[in-house]
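These notes concern the structure reproduced below.
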2 protein chains.
Amino acid sequence: MNARAEIDKEGRISFSITELAEEFGVTSRTIRFYEDKGLVNPAREGTTRIYSRKDRGRLKIILRGRRLGFSLQDIKKMLDMYSPESGGTDQLTFTLQKCEEQLEKLITQRADINEAIAELEDGISQLKGHLASGGADGCKKTIA
Amino acid sequence: MNARAEIDKEGRISFSITELAEEFGVTSRTIRFYEDKGLVNPAREGTTRIYSRKDRGRLKIILRGRRLGFSLQDIKKMLDMYSPESGGTDQLTFTLQKCEEQLEKLITQRADINEAIAELEDGISQLKGHLASGGADGCKKTIA
DNA sequence: ATTGACGTTTACGTAAACGTAAAGTATATT
DNA sequence: AATATACTTTACGTTTACGTAAACGTCAAT
């Protein structure tokens, strides 16, 4: 049994690469790839990667970004935005602007989703109608 | 001047590939590529592609799908779902189920977006706080 | 008749996001 | 000591979604 695994059973404070991979449903290759691209930067114990809670948080954000269809490059920018480690006033201002741009994007995307959802719901209720009214046709609505 | 362009100035009933490309902000190459993949199937006048309103509708859906991060393959399935041309009852039932699955996906995705938006708004207001309170630090909040 | 705008096919090129082997290190259990 | 397990790096392979170039057809205006 591993020392680290012993110490922090619950409320973990550090994680191995495979732990995170399993938790998030990706391969370790993927996580290392993200590191290659500068999206995470775990500590090292010798050569082995040690992921902090913060690293884990970044991973979570990365994967959500991916689900939303953003490129890793965009996601990197987003992450950099979140942590303006060097807080010069103009850096902050810059970050703020980037954040607001990103926010716009997401809002647009939400609108897209809502449209898609509405159409799907519409289609579903029509399908149900067709099934209820029995027959092979009904109103022949396709796509507009 | 082209005959078609003359006839249907407004309320267009058919479109050329470049018209649609410009309208949707993609290249004609992209649209032909979608055809290659079976996502659209415009009529032909000789060898030239003629896009109907329906084709245009499909294109709109395709591009929205893309913005949402779906693969063309997924989008094809979605489109096939919308138009169950051969309406056998079990075909309809199948389509219905697929639609409902898709709906689930989108709802999940909307949740993702809402999370991301919330975090961003939070981050933005914190940034504004830092900027207002002047200094180089403040509360050192980074990512969790 | 030629220029130009628009269309076509065929086919090779490319960037992003990993997959997948190869080959080695480190620790732990049998 | 040997096997198993987890980790590492290096590097080439793969898929998706187009870009881009070549080489040609078609129509309308100059």
Side-chain angles (χ1 to χ4, degrees), chain A residues 1-8 12 14-52 55-56 58-59 61-79, chain B residues 1-7 12 14-52 55 58-59 61-79:
Chain A
M1 212 174 278
N2 182 333
R4 219 172 324 111
E6 190 84 87
I7 294 174
D8 20 86
R12 305 296 287 284
S14 71
F15 313 82
S16 83
I17 193 169
T18 30
E19 279 170 355
L20 290 185
E22 282 171 9
E23 174 175 356
F24 291 121
V26 298
T27 67
S28 357
R29 172 67 177 97
T30 298
I31 298 183
R32 289 193 203 102
F33 183 74
Y34 294 159
E35 184 175 347
D36 249 42
K37 297 298 169 178
L39 300 187
V40 257
N41 234 330
R44 300 276 180 143
E45 188 172 281
T47 114
T48 301
R49 292 165 173 84
I50 308 290
Y51 294 85
S52 67
D55 292 325
R56 184 161 162 273
R58 289 178 76 94
L59 265 185
I61 293 185
I62 293 169
L63 296 172
R64 190 183 57 207
R66 288 251 45 205
R67 284 198 303 276
L68 296 179
F70 291 104
S71 73
L72 293 188
Q73 199 173 299
D74 284 346
I75 294 172
K76 180 172 162 54
K77 285 179 201 159
M78 294 165 57
L79 283 170
Chain B
M1 215 174 276
N2 182 333
R4 220 172 324 112
E6 191 83 88
I7 294 174
R12 306 295 287 285
S14 71
F15 312 83
S16 82
I17 193 169
T18 28
E19 279 170 354
L20 290 186
E22 281 171 8
E23 176 175 356
F24 291 121
V26 298
T27 68
S28 356
R29 172 67 177 100
T30 298
I31 298 184
R32 288 192 204 102
F33 182 74
Y34 293 159
E35 184 176 348
D36 249 41
K37 297 296 169 181
L39 300 187
V40 256
N41 233 331
R44 299 278 181 139
E45 187 172 284
T47 113
T48 300
R49 292 165 172 85
I50 309 290
Y51 295 84
S52 66
D55 292 325
R58 290 178 74 94
L59 265 184
I61 293 184
I62 293 170
L63 296 172
R64 191 183 55 208
R66 289 251 44 205
R67 286 197 302 274
L68 295 178
F70 292 103
S71 74
L72 293 186
Q73 199 172 300
D74 284 346
I75 294 173
K76 181 173 163 52
K77 286 181 202 158
M78 295 165 58
L79 284 169

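Just so it is clear, the structure is predicted and the values come from calculations on it, not from any experiment. Throughout, protein chains are lettered first and strands after them, A, B, ... in sequence-line order, and every chain is numbered starting at 1.
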Measure the distance from [atom1] on [X] to [atom2] on [N] and round it to the nearest whole Å.
| X | N | atom1 | atom2 | answer |
| --- | --- | --- | --- | --- |
| B:Ile31 | C:dC6 | CD1 | P | 15 Å |
| A:Lys77 | C:dA16 | NZ | P | 11 Å |
| A:Glu45 | C:dT25 | CD | C1' | 15 Å |
| A:Arg67 | C:dA17 | CZ | P | 16 Å |

Donor-acceptor list for residues 65-72 of chain B side chains, cut-off 3.5 Å, not counting sequence neighbours:
{"residue": "B:Arg67", "atom": "NE", "partner": "A:Asp112", "partner atom": "OD2", "Å": "2.6"}
{"residue": "B:Arg67", "atom": "NH2", "partner": "A:Asp112", "partner atom": "OD1", "Å": "2.8"}
{"residue": "B:Arg67", "atom": "NH2", "partner": "A:Asp112", "partner atom": "OD2", "Å": "3.4"}
{"residue": "B:Ser71", "atom": "OG", "partner": "B:Gln73", "partner atom": "N", "Å": "3.4"}
{"residue": "B:Ser71", "atom": "OG", "partner": "B:Asp74", "partner atom": "N", "Å": "3.1"}

Using side-chain hydrogen bond (donor to acceptor under 3.5 Å, both in side chains) as the criterion, list what pairs up with [X], not counting sequence neighbours.
| X | answer |
| --- | --- |
| B:Glu23 | B:Arg56 |
| A:Thr30 | A:Thr27 |
| A:Glu22 | none |
| A:Arg29 | none |

Given protein heavy atoms under 4.0 Å, the one-letter contact record of nucleotides 8-19 of chain D, with B base, S sugar-phosphate only and - none, is simply BB-B----SBBB
* Asked: Can you tell me if the side-chain N/O atoms of A:Thr18 get under 4.0 Å from OP1 or OP2 in D:dC7?
  ->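 So the side-chain polar atoms of A:Thr18 do come within 4.0 Å of the phosphate oxygens OP1 or OP2 of D:dC7, strictly under.
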Next on the checklist: With side chain to side chain contact (heavy atoms under 4.5 Å, CB included) as the criterion, how do B:Tyr34 and B:Ile75 come out once you've worked through the C-alpha distance, each side chain's angles and the decisive distance to 0.1 Å?
Outcome noted: CA-CA 10 Å; B:Tyr34 293 159; B:Ile75 294 173; over 6 Å; no
